[in-house]
Amino acid sequence: MHRPGRHFLQIPGPTNVPDRVLRAIAQPTMDHRSADFAALAYDVLAGIKTIFKTRGPVVIFPASGTGAWEAALVNTLSPGDRVLTFETGEFARLWAELAKRLGLDVEVVNTDWRQGVDPELVEGVLRADSERTIRAVMVVHNETSTGVTSRIPEIRKAIDAAGHPALLLVDAVSSLASVDLRHDDWGIDVTLTGSQKGLMLPPGLSFNAISDKAINASQTSQLPKSYWAWGPMLTMNAAGFFPYTPATNLLYGLREAIQILHEEGLEQVFARHRRHAAATRAAVRAWGLDIVCRREDEYSPVLTGVTMPDGHDADAFRTVASERYNMSLGAGLGRLKGKAFRIGHLGDFNDLMLAGTLSGVEMSLAVAGVPFRRGGVQAALELLASR
Ligand SMILES: *Cc1c(COP(=O)(O)O)cnc(C)c1O
């Protein structure tokens with residue numbers, strides 16, 4: 001049945017796709033062995049480096065972000081290699097599970113799912129590894145299940161302070177193009193992402209940005225790989241092609257999305273996300289609800305996780321938002337299922353969309369009978385209207 005007006009897609013990915021990107025994708029599918037395709041490939045392979053802030057190669061797979069997780073591991077590591085992971089939330093947990101299934105020796109440091117990776121802990125664990133058997137440190141930059149952003153530059157410093165040679169592998173699926181990230185300057189070895197969050201594309205592309213050290217590791221890595229192998233990808237990419245059929249139409253969209261990001265300016269994009277996150281937190285505090293993230297220096301610019309009052313089910317509340325206001329909010333994932341919901345404020349998003357989103361949340365709280373104080377929207381509007 002037709003629902004009038006626009007759906008509010010306020011989950012933290014997939015995000016709203018700009019009309020310009022949709023139009024760019026709506027082209028006849030091309031011959032991926034043609035000179036025209038090579039021109040497109042050169043454009044996007046060069047353009048995407050400006051988003052990762054790297055001079056090194058970025059490989060693009062037709063896959064979801066999970067594929068980028070697997071690619072980062074199978075290209076750099078060997079069976080039985082020790083990797084250090086931090087369970088900051090459901091995405092960190094899933095990536096660690098994937099690593100176990102690949103046959104890696106996964107060391108998990110637990111957290112309360114309300115904070116990011118502790119750089120001091122990183123330094124401590126790496127210093128204690130006197131045999132230097134840990135081969136990689138896996139960090140989720142923006143933990144999408146909780147709304148916590150880990151401090152990658154401090155984590156890099158911690159690895160250096162310990163004088164440890166481990167690779168730094170960073171999941172930037174929900175941070176790239178929304179939160180500052182500098183692959184080269186921050187000394188990341190593999191930064192991975194997907195298309196459907198900050199890059200404002202539909203799902204279907206995944207990316208690995210690769211350092212020289214990661215390339216070197218790939219030359220001795222023994223984990224089995226075929227579809228995900230960087231080698232043939234890098235060789236073919238150098239000539240403007242791919243070893244198998246790329247997601248051609250999504251690459252048209254990617255070219256447009258990169259252009260859009262530079263028109264606004266990456267710094268402005270990051271500042272917009274931080275401002276929308278601050279306005280959202282102002283609303284949540286005024287409602288008298290709890291923000292999942294407990295550290296001010298780790299608040300996510302991309303989404304805000306909100307804890308439900310005891311005895312109230314987050315999914316029942318989200319159903320009200322969906323049925324009555326045609327708005328999708330993010331579910332609590334993993335151990336937060338039913339206990340928290342997530343407000344996505346990322347991608348192609350502006351002040352009035354945020355005002356509508358927060359109005360929808362406030363009205364849904366009332367309709368669902370959740371105890372809260374009125375005035376959250378007002379608090380957010382004051383911040384958005386401040387001079
Ligand atoms: C969305 C997301 C993923 C998984 O991406 P899929 O495209 O669903 O495979 C991984 N990590 C983080 C942090 C994410 O937000």
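For ligands, and for the atoms within them, numbers begin at 1 and follow the listed sequence.
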query: Centre of Phe91's six-membered ring, under 6.0 Å away, within 45 degrees of the axis: is that where NZ or CZ of Lys197 sits?
result: yes

- prompt: So, Thr357 versus His345: side-chain donor-acceptor pair below 3.5 Å or not?
  reply: no

task: For ligand 1, would you mind listing the residues that have at least one heavy atom less than 4.0 Å away, ordered by chain and number?
output: Ser64, Gly65, Thr66, Trp69, Phe91, Val140, Asn142, Thr144, Asp171, Val173, Ser174, Gln196, Lys197

field: Pair Asp351-His276, side-chain donor/acceptor within less than 3.5 Å
entry: yes

message: Looking only at side-chain N and O atoms, does Asp171 offer a donor or acceptor that is under 3.5 Å from a partner on Trp69?
response: yes

query: Any chance the side chains of Glu90 and Ser145 put a donor and an acceptor closer than 3.5 Å?
result: no

- prompt: Is a donor on one side and an acceptor on the other found under 3.5 Å between the side chain of Arg275 and the backbone of Leu384?
  reply: yes

